[in-house]
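Input: a single structure, listed below in structure tokens.
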Amino acid sequence: MDHGLARGLTNYGDRDFALYLRRSFARSMGYSSASLAKPIVGIADSGSGFNNCHRQLPELIESVKRGVLAAGGLPITFPTISLGEVFLDPTSMMYRNLMSMDVEEMVRAQPMDAVVLVGGCDKTVPAQLMGAASAGVPAIQLVAGPMMTGRWQNERLGACTDCRRFWARYRAGGISKDEIDGVESRLATTSGTCAVMGTASTMACVAETLGMTLPGTAAIPAVHADRLRAGEATGEAAVRLAESRITPDRVLTAEAIENALRVLLAIGGSTNAIIHLTAIAGRVGVPISLERLNTISDETPVLVDLKPSGDFYMEDFFNAGGLGAVLAELRPQLHLGCLTVTGETLGDRLDATPRYVDHAVIRPRSEPILPVGGLVALFGSLAPGGAILKRSAADARLFETEASALVFDSLEDLAARVDDPALPVTPESILVLKHAGPKGAPGMPEAGYLPIPQKLGRAGVKDMVRISDARMSGTAFGTIVLHVTPEAAVGGPLALARTGDRIRLSVKDRRLDLLVDEAVLAKRRATSTTARGPSRGYRRLYMDHVLQADHGCDFDFLRKEPVG
Ligand code: FES
């Protein structure tokens, strides 16, 4: 098999000429013949001035290069799309698949024997893993690492659970404009990804559990010197990976994906990770069913006391023993034979037991925070394809609720009416948002965390049942039912819900039902319309091919086994 510069030659109809020309142009960059003969390790750089979470990537990538060189390889960086969560319109989720295509095509098209995927912010790690899984080139992930916490007055702050907590206080009149301005400058004070067990940290833990990173690297803070040592070690490992030719499909097996699902539940991880893991699994032909999620959730305790479900932050998790300590606790429930990018199995890794665990942050299985997993899937007449509730970050008093719906037809309708003093809402109402799913908004924005209507917030209401086809930030808290499938914009039952309808949520029975007669629904169905997409460009591609949440919102043509 060809390696190094001879991989995937440019097609001039003359292979020898193509290699001669490539070597000649590579020499123009100052490489010696000796360097060009080494295994080439590509480094996918997702740094961008529009991505605060990746601010330290230049320094991190230098550490990777050191490792590659020390191990006898030639490191070559290349840029990819970067997805800075808060800098993208309408939502980063819209571009995750685009980034995955960029990664896949550039990894495959350019001559590299292995690739180091350097990312961190919410959608970047799943996009890189999806792309690498499809590209079929040996790949290892290196995450940016979480931010450190900051302080405002006497309160410890971490993006972004505390962003929402303070914003809710400001909306409810609990703090002033000057005070919220003060908080704003203290929420995110270092480079790195959000400081709680949000989507970025969850995906870092998922990547490590899958065996796609070096062990012990998910939780190292972005600014910690260990992060640079992890970069160097990842570079060295990438050279060995190039030689061993372990491709992602050998690591991303059904058993590894089930391990990741279990860890996601045990860490109280982000709801978004279900979508991303489903998409990654789809790239290697492994289905994830929400029924199986419920089975695993019922037998997996929540062990990690991190915000938004608990009290601590990612730097505490790192100091408490990190993901290795969680894996060690879950060991009897894990598939230990799974291969990792180091060539060792998960079992080999766990034989090196962590030396120290702070059980205040990472509980033993005998004393879990919750006896069951953090996420639960719901099914019923309102969500025939399923919906997700993060029960570890919700108010259990609302788990068995039957009440009248207050329906917002769109994000615009929500913004226009939610704070109207005349809004017909009570603390018992169930808030419903439609047309915020994969095609509806479009892009399935993190709008599922519907704000408590201002008049209720000011009266002290902290949580209500909220239901939508949207996603929610992994850093948010509340009794919030998400990812209702099929979404309203493709004619799902959610499209038929009206203000005043009765809805029943039963977490005990895993049900979400719209209590309206079928004859009434049939009349409403006859007058409903479905979403029409834009006529050109990426948004047209997106609207024509994006799948529902139960298929990870991937494009139908990118999965290993295409859908539709
Ligand atoms: Fe990048 Fe939260 S904004 S991880």
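What you see is a predicted model, and the numbers here were worked out from it, not measured in a lab. First listed ligand is number 1; within each ligand, the first listed atom is number 1.
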- Item | Angular separation of C121 SG and C53 SG about atom 1 (Fe) of ligand 1, given to 10° | 110°
- Task: Could you tell me whether the side chains of T77 and D45 share a donor-acceptor contact shorter than 3.5 Å?
- Result: no
- Message: Please evaluate residues R186 and D162 with respect to the criterion side chain to side chain contact (heavy atoms under 4.5 Å, CB included), reporting the C-alpha separation (whole Å), side-chain torsions for both, the decisive distance (0.1 Å), and the verdict.
- Response: CA-CA 10 Å; R186 289 288 174 269; D162 297 320; over 6 Å; no
- Is ligand 1 less than 4.0 angstrom away from at least one heavy atom of V86? no
- Give the atoms of ligand 1, by number and element, whose distance to some non-hydrogen atom of A200 is under 4.0 Å. 4 (S)
- protein heavy-atom neighbour closest to atom 2 (Fe) of ligand 1 works out as C194 SG, 2.3 Å
- Are R471 and D122 ion-paired here, with the side-chain N under 4.0 Å from a carboxylate O? no
- Residues E232 and R229 bridged, charged N to O under 4.0 Å: no
- Query: Mind checking whether F555 and Y542 have parallel, tilted or perpendicular rings, split at 30° and 60°?
  - Reply: perpendicular
- Message: Please list, in number order, the atoms of ligand 1 under 4.0 Å from a heavy atom of T193.
- Response: 4 (S)
- Between atom OG1 of T213 and atom CG of L117, what is the distance when rounded to the nearest 0.5 Å? 11.0 Å
- For E85, the ligand 1 atoms whose distance to one of its heavy atoms is below 4.0 Å: 3 (S)
- Message: If the cut-off is 4.0 Å to any non-hydrogen atom of D122, which atoms of ligand 1 fall inside it?
- Response: 2 (Fe), 4 (S)
